[in-house]
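As a basis for the values below, the full set of heavy atoms in this structure was taken, side chains included, without hydrogen atoms, waters or symmetry mates. Both ligands and their constituent atoms are indexed starting at 1 by order of listing.
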Amino acid sequence: MDRAHFPTLAPTAREQAFNALRGVVGKEHVWTDDDALRPYRQLMIAATEADHHALGAVAPADVEQLRQVLAVANRFRLPMWPVSTGRNLGYGCALPATPGQVVLDLRRMNRILDVDPVLGTALVEPGVTYHDLQTFLKQHQIPLWLDFPGPGPIVSPLGNSLERGSGVSPYGDHFGHSCGMEVMLADGSLVRTGMGGVAGSKSWQAYRYGFGPMVDGLFSQSNFGVVTKLGLWLMPEPKAHRSFAAVWPEEADLARAVDALRELRLEEVIRSPGVFVNPTLALVGRTTQHTLHPQGGCVPPEVLARAIKQHGIAAWTYLYTLYGRPEQVALDTDIVRRAIEASGGQVVPDIVDPAQVNELSLACFELLNWTGGGGLSWFSPVCPGIGSEAVKQYRLAQQIIGDHGLDFMMGAALYGRYNLNVMPMVWDRQNEDSNRRARACYGTLVRRFGEQGYGVYRTSIAFMDAAAQQYGASTAALNKRLKRALDPNGILAPGKSGIHP
Ligand code: ADP
């Protein structure tokens with residue numbers, strides 16, 4: 001453990017700081033004892049709680065209380081780790097990147113401030129969940145669809161968009177479909193981005209760029225401010241849609257499949273990333289590691305092959321949905337089928353991934369049942385949308401993950417020019433040896449992928465420095481200058497994305 005990160009506040013100053021926070025938000029919204037902090041200290045990744053120790057948690061009710069909380073943080077040099085719903089599963093949940101921070105829980109700020117059914121936009125606060133927003137839309141019979149990340153119902157559009165999370169429908173790029181923010185900077189000043197600066201703005205949620213430098217990106221995956229409102233673009237309910245599974249029989253079909261799908265994505269015949277999975281990931285929810293291999297540990301290849309055959313799972317499966325006008329969907333159905341068949345695949349109609357058709361589900365939690373041991377981490381490299389590159393990443397990850405005694409799973413989101421190769425690693429967190437292997441595995445993946453010119457699109461709190469390192473010294477230096485200018489006392493989320501005060 002790196003002791004240098006440990007809280008430098010003397011116990012008396014710490015108590016004074018917490019008392020000051022109680023004065024701002026009320027004592028029922030400040031937590032410092034272990035029992036009360038348990039929900040914030042949940043850890044699924046291969047890391048120790050001490051390296052990400054949350055000193056306490058505080059939950060302001062509104063922007064004014066938030067301003068006063070940050071004033072206390074500045075006065076006492078007390079670092080604050082903002083979370084919206086704090087359920088960043090498999091990436092660190094609510095815990096901070098470095099120990100000794102107070103979780104700044106924004107769940108109480110949970111108003112849906114605006115929904116424009118005509119323009120298809122919304123404005124939400126951090127604590128609004130996808131479930132809340134969907135319930136609102138249904139109650140008001142507003143025909144707009146949402147795009148969800150895996151743990152959809154319980155997480156926030158604001159938190160997930162800031163993390164640049166990904167979904168499966170045409171609006172799968174969550175940050176790319178956000179429009180306009182309100183951000184509180186470390187000194188308590190409030191900024192509205194894009195058109196939000198115009199007094200009485202009529203198009204804050206409609207036009208992203210505003211005038212002059214576009215700064216929204218500075219507040220995503222960063223520690224330069226606390227985002228208090230976010231605008232969202234929502235997809236008009238399609239007039240028609242139809243879902244399919246495309247399957248390829250051989251492992252060696254990967255390159256052909258990715259090349260064929262890139263063309264369909266770039267031409268926007270398929271308008272959504274969908275989900276492209278390897279057979280082990282397709283087995284999740286149908287069986288478990290223990291059922292297949294009661295002796296424990298990862299499933300031997302021959303056992304896996306038998307299970308895959310028994311469950312009738314293909315080497316590669318792509319779940320996709322076509323959206324549009326009825327005639328367009330009918331036409332695209334044939335165009336896509338022909339292209340997939342030409343690449344050696346087959347199409348099975350009417351296989352539906354609920355998330356692609358606006359249905360919230362908690363199916364992604366089935367991953368945790370695979371080992372039942374509670375360990376979950378995602379390795380998520382960006383891959384150019386080229387078949388041979390997909391094969392390189394697949395082979396490299398398969399080898400590294402296998403060498404560390406973990407089952408290899410891959411579920412890619414296909415964006416055409418690039419794919420997000422999201423590889424869940426699951427293991428038994430109660431077992432020290434598997435924890436050690438999972439941690440070593442993740443570090444090796446980041447390093448070896450970096451050596452091949454591949455960076456991750458997002459990472460867990462335990463590997464933020466390692467991931468940032470792959471992006472080079474000049475980016476790190478620029479981030480440091482921005483951090484110094486915007487947060488001179490270093491009170492906001494030290495260590496987030498490898499940016500330290
Ligand atoms: P989820 O929606 O999955 O519950 P979180 O609330 O856990 O997402 O947020 C994920 C990460 O995004 C946090 O760890 C934090 O680094 C960042 N984040 C979340 N909300 C904010 C915010 N309002 N302002 C700044 N950063 C935020």
**Complete:** Of all protein heavy atoms, the one nearest atom 15 (C) of ligand 1 is Pro82 O, 3.2 Å
**Prompt:** Does an N or O from Val227, backbone or side chain, lie closer than 3.5 Å to an N or O of ligand 1?
**Reply:** yes
**Request:** Name the closest protein heavy atom to atom 25 (C) of ligand 1, giving the residue it belongs to and the distance to 0.1 Å.
**Result:** Gly225 O, 3.5 Å
**Enumerated ligand 1 atoms positioned under 4.0 Å from heavy atoms of Val226** = 24 (N)
**Asked** At under 4.0 Å between heavy atoms, which part of Thr228 makes contact with ligand 1: side chain, backbone, both or neither?
**Response** neither
**Prompt:** With backbone taken as N, CA, C and O and side chain as the heavy atoms from C-beta onward, which portion of Gln221 lies under 4.0 Å from ligand 1: side chain, backbone, both, or neither?
**Reply:** neither
**Item:** ligand 1 atoms in contact with Asn160 (distance to a heavy atom under 4.0 Å)
**Value:** 2 (O)
**Prompt:** Hey, mind stepping through Arg286 and Glu366 against salt bridge (Lys or Arg N to Asp or Glu O under 4.0 Å) and telling me if it holds?
**Reply:** CA-CA 9 Å; Arg286 305 183 207 212; Glu366 286 172 348; over 6 Å; no
**Fill in**
Check: of Ser497, Ser156, Gly90, min heavy-atom distance to atom 2 (O) of ligand 1 comes from Ser156
**Asked** Can you tell me the protein heavy atom closest to atom 20 (N) of ligand 1 and the distance?
**Response** Ser84 OG, 2.7 Å
**Item:** Taking atom 21 (C) of ligand 1 as the reference point, the nearest protein heavy atom with its distance
**Value:** Leu162 CD1, 3.5 Å
**Request:** Would you confirm whether the ring centroid of Tyr394 sits within less than 6.0 angstrom of the ring centroid of Phe408?
**Result:** yes
**Message:** In this structure, is the centre-to-centre distance between the rings of Tyr418 and Tyr457 below 6.0 Å?
**Reply:** no
**Message:** Tell me the closest heavy-atom pair linking Gly152 and Leu360, and the distance in Å.
**Reply:** C-CD2, 3.7 Å
**Message:** Less than 6.0 angstrom separating the ring centers of His241 and Trp145, yes or no?
**Reply:** yes
**Prompt:** Which residue, Phe379, Tyr471, Phe449, forms the ring pair (Phe, Tyr, Trp, His ring centres under 6.0 Å) with Tyr454?
**Reply:** Phe449
**Message:** Among all the protein's non-hydrogen atoms, which is closest to atom 1 (P) of ligand 1, and how far away is it?
**Reply:** Thr85 OG1, 3.4 Å
**Asked** What atoms in ligand 1 come closer than 4.0 Å to a heavy atom of Leu158?
**Response** 23 (N)
**Asked** At what distance is the nearest protein heavy atom to atom 14 (O) of ligand 1, and which residue and atom is it?
**Response** Trp81 NE1, 3.4 Å
**Request:** If you have a sec, work out which protein heavy atom is nearest atom 9 (O) of ligand 1 and how many Å separate them, to one decimal?
**Result:** Gly159 CA, 4.1 Å
**Fill in**
Atoms of ligand 1 under 4.0 Å from any heavy atom of Arg87, numbered from 1 in the order shown, are 1 (P), 3 (O), 4 (O), 7 (O)
**Prompt:** So which protein heavy atom does atom 5 (P) of ligand 1 come closest to, and at what separation?
**Reply:** Gly86 N, 3.6 Å
**Message:** Among Leu70, Val69, Leu78, Asn223, which residue satisfies the side-chain contact (heavy atoms from CB on, under 4.5 Å) criterion with Ile491?
**Reply:** Leu70
**Polar contact flag, side-chain donor to acceptor under 3.5 angstrom, Thr193-Asp216** = yes
**Message:** Taking the six-membered ring for Trp, are Phe224 and Phe219 closer than 6.0 Å centroid to centroid?
**Reply:** no
**Asked** With a 4.0 Å heavy-atom cut-off (strictly under), which part of Ile154 contacts ligand 1: side chain, backbone, both or neither?
**Response** neither
**Complete:** In ligand 1, the atoms that come under 4.0 Å of a heavy atom of Glu163 are 10 (C), 11 (C), 12 (O)
**Prompt:** Hey, what do you get for CZ (Arg67) to CG (Leu185), rounding to the nearest 0.5 Å?
**Reply:** 10.5 Å
**Prompt:** Nearest heavy-atom pair of Gln470 and Arg447: which atoms, and what distance?
**Reply:** NE2-CA, 3.7 Å
